[in-house]
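First the structure, in the form of structure tokens, and then the observations on it.
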Amino acid sequence: MLNRKTAPDSGAHRAPCGLHCIRVKNIGVAAGGKALLQNVSLHCHCGELTVLIGRNGAGKSTLLKAILGEIAHTGTVEFRDHENGAIRNMRIGYVPQSIGIDRNSPASVFDLFASLISDRPVFLGGGKRLREQICRQLAVFQAESLLDRRVGSLSGGELQRVMLSVATYPTPDLLVLDEPVSGIDENGLQLFYSTVEQLKKQYDMAIILVSHDLNYVARCADQVILLDTTVRAHGKPAEVFSSSEFRSIFGNFVFEVPAVQENCR
């Protein structure tokens, strides 16, 4: 599922207002008598990039599944408007690590997108207005030329851009990215990073990203969460990367954290 709620057509989006906050409180997940997550809490604000880091098996993807409501968990996930403290339903866009695509399927990018945002059966066609609507959204991610391509023929980078287009239509309150750069070449990687920066600055949403690219995290994250079953360290990249908890997991990783975040490509 790429966007947990749909809404009427709207090509417009708002820049971050700074007033919205996603609160994850005391999330716990257990399976087979083993704790996968314990007492995980974090706050994510619109216009900010929160990056989850940690060793393999630390619980990063499990935490995302809990936030998405896909697995049973203790604790709560709330979306608050700081103007009046209201709690309301949260719309979540999601791009997973991978998506099962039948390489022989005749379905096009238009078919995929239309099936998710329109009640009209795809085989009946979508009409000019729907095609224009989808094309505008794909253009945000430099993917409009893929409209009539078969989904099964897309490269990893092309499919990622289509997934981002779907996940951000309509604009979600929270965009969840579960290590979506796996298998992407260098050009696709740089395009992804520049796209995330564009989303952060121009869209009224919070972004949670799982990443193993520590140099990118050091340059561009607003908040870093070091996870190992529970939160071991959190804060600005410089704070987390200089912590004893970070060194115990990653060792003496050599990096340079800029005084001012820039060049997040």
Side-chain angles (χ1 to χ4, degrees), residues 1-7 13 16 20-25 27-29 36-37 40-54 56 58-73 75-80 88-100 112-113 116-117 137 140-141 156 159-184 189 192-193 195-213 216-217 220-227 231 234 264:
M1 180 161 47
L2 304 177
N3 200 313
R4 295 190 57 90
K5 287 192 178 181
T6 58
H13 58 266
H20 301 146
C21 176
I22 290 90
R23 296 177 180 267
V24 176
K25 297 182 179 180
I27 292 292
V29 177
L36 304 181
L37 292 175
V40 174
S41 297
L42 56 97
H43 293 175
C44 305
H45 294 270
C46 61
E48 291 187 355
L49 172 63
T50 297
V51 182
L52 303 180
I53 64 172
N56 291 333
K60 301 183 295 297
S61 292
T62 300
L63 176 57
L64 297 188
K65 290 177 182 178
I67 292 172
L68 291 165
E70 294 183 350
I71 57 175
H73 62 84
T76 59
V77 180
E78 298 176 349
F79 180 62
R80 289 183 177 270
R88 61 180 175 84
N89 291 333
M90 176 168 55
R91 185 168 59 245
I92 303 177
Y94 174 48
V95 179
Q97 288 185 20
S98 61
I99 181 171
L112 170 67
F113 211 137
L116 294 169
I117 69 171
Q137 178 65 8
V140 174
F141 301 92
L159 181 58
Q160 177 202 77
R161 281 182 276 154
V162 171
M163 299 276 283
L164 279 168
S165 299
V166 176
T168 55
Y169 190 88
T171 303
D173 303 304
L174 173 64
L175 177 62
V176 175
L177 306 171
D178 188 2
E179 201 179 348
V181 296
S182 299
I184 305 299
L189 188 65
F192 171 79
Y193 287 153
T195 298
V196 170
E197 190 65 11
Q198 174 189 350
L199 291 173
K200 190 178 80 168
K201 291 179 178 179
Q202 298 180 7
Y203 284 68
D204 191 22
M205 69 173 77
I207 304 173
I208 296 179
L209 167 69
V210 171
S211 178
H212 288 95
D213 186 343
Y216 168 74
V217 175
C220 300
D222 296 292
Q223 178 183 199
V224 179
I225 307 294
L226 175 59
L227 198 65
V231 176
H234 66 91
C264 293

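No experiment lies behind these values; they were computed from the predicted model shown.
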- Query: Going through the checks in order, is the side-chain contact (heavy atoms from CB on, under 4.5 Å) test met by D222 and K200?
  - Reply: CA-CA 10 Å; D222 296 292; K200 190 178 80 168; 3.2 Å; yes
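- Side-chain atoms of Y203 and L175, non-hydrogen and from C-beta on, never get closer than 4.5 Å to each other.
- The closest side-chain heavy-atom distance from D178 to K65 is not below 4.5 Å.
- For the pair M90 and I22, the minimum side-chain heavy-atom distance is below 4.5 Å.
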- side-chain contact (heavy atoms from CB on, under 4.5 Å) between V95 and F192, intermediate numbers included: CA-CA 12 Å; V95 179; F192 171 79; over 6 Å; no
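- The two residues S61 and Q97 come nearest to each other via the heavy atoms OG-NE2, 3.7 Å.
- In this structure the side chain of P180 never reaches within 4.5 angstrom of the side chain of M163, judged on heavy atoms.
- Under the 3.5 Å distance criterion, with hydrogens and angles disregarded, a donor-acceptor pair is assigned to the side chains of Q223 and T50.
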- CA sep, side-chain torsions, deciding dist, call: V196, L209, side-chain contact (heavy atoms from CB on, under 4.5 Å): CA-CA 10 Å; V196 170; L209 167 69; 5.5 Å; no
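- Taking the side chain as every heavy atom from C-beta outward, L42 and L63 approach each other to under 4.5 Å.
- Between S211 and Y216, the shortest heavy-atom contact is OG-CD2, 4.5 Å.
- Across all their heavy atoms, V231 and S41 have their closest contact at CG2-O, 4.0 Å.
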- Please walk me through it: do I67 and L174 pass side-chain contact (heavy atoms from CB on, under 4.5 Å)? CA-CA 10 Å; I67 292 172; L174 173 64; 3.9 Å; yes
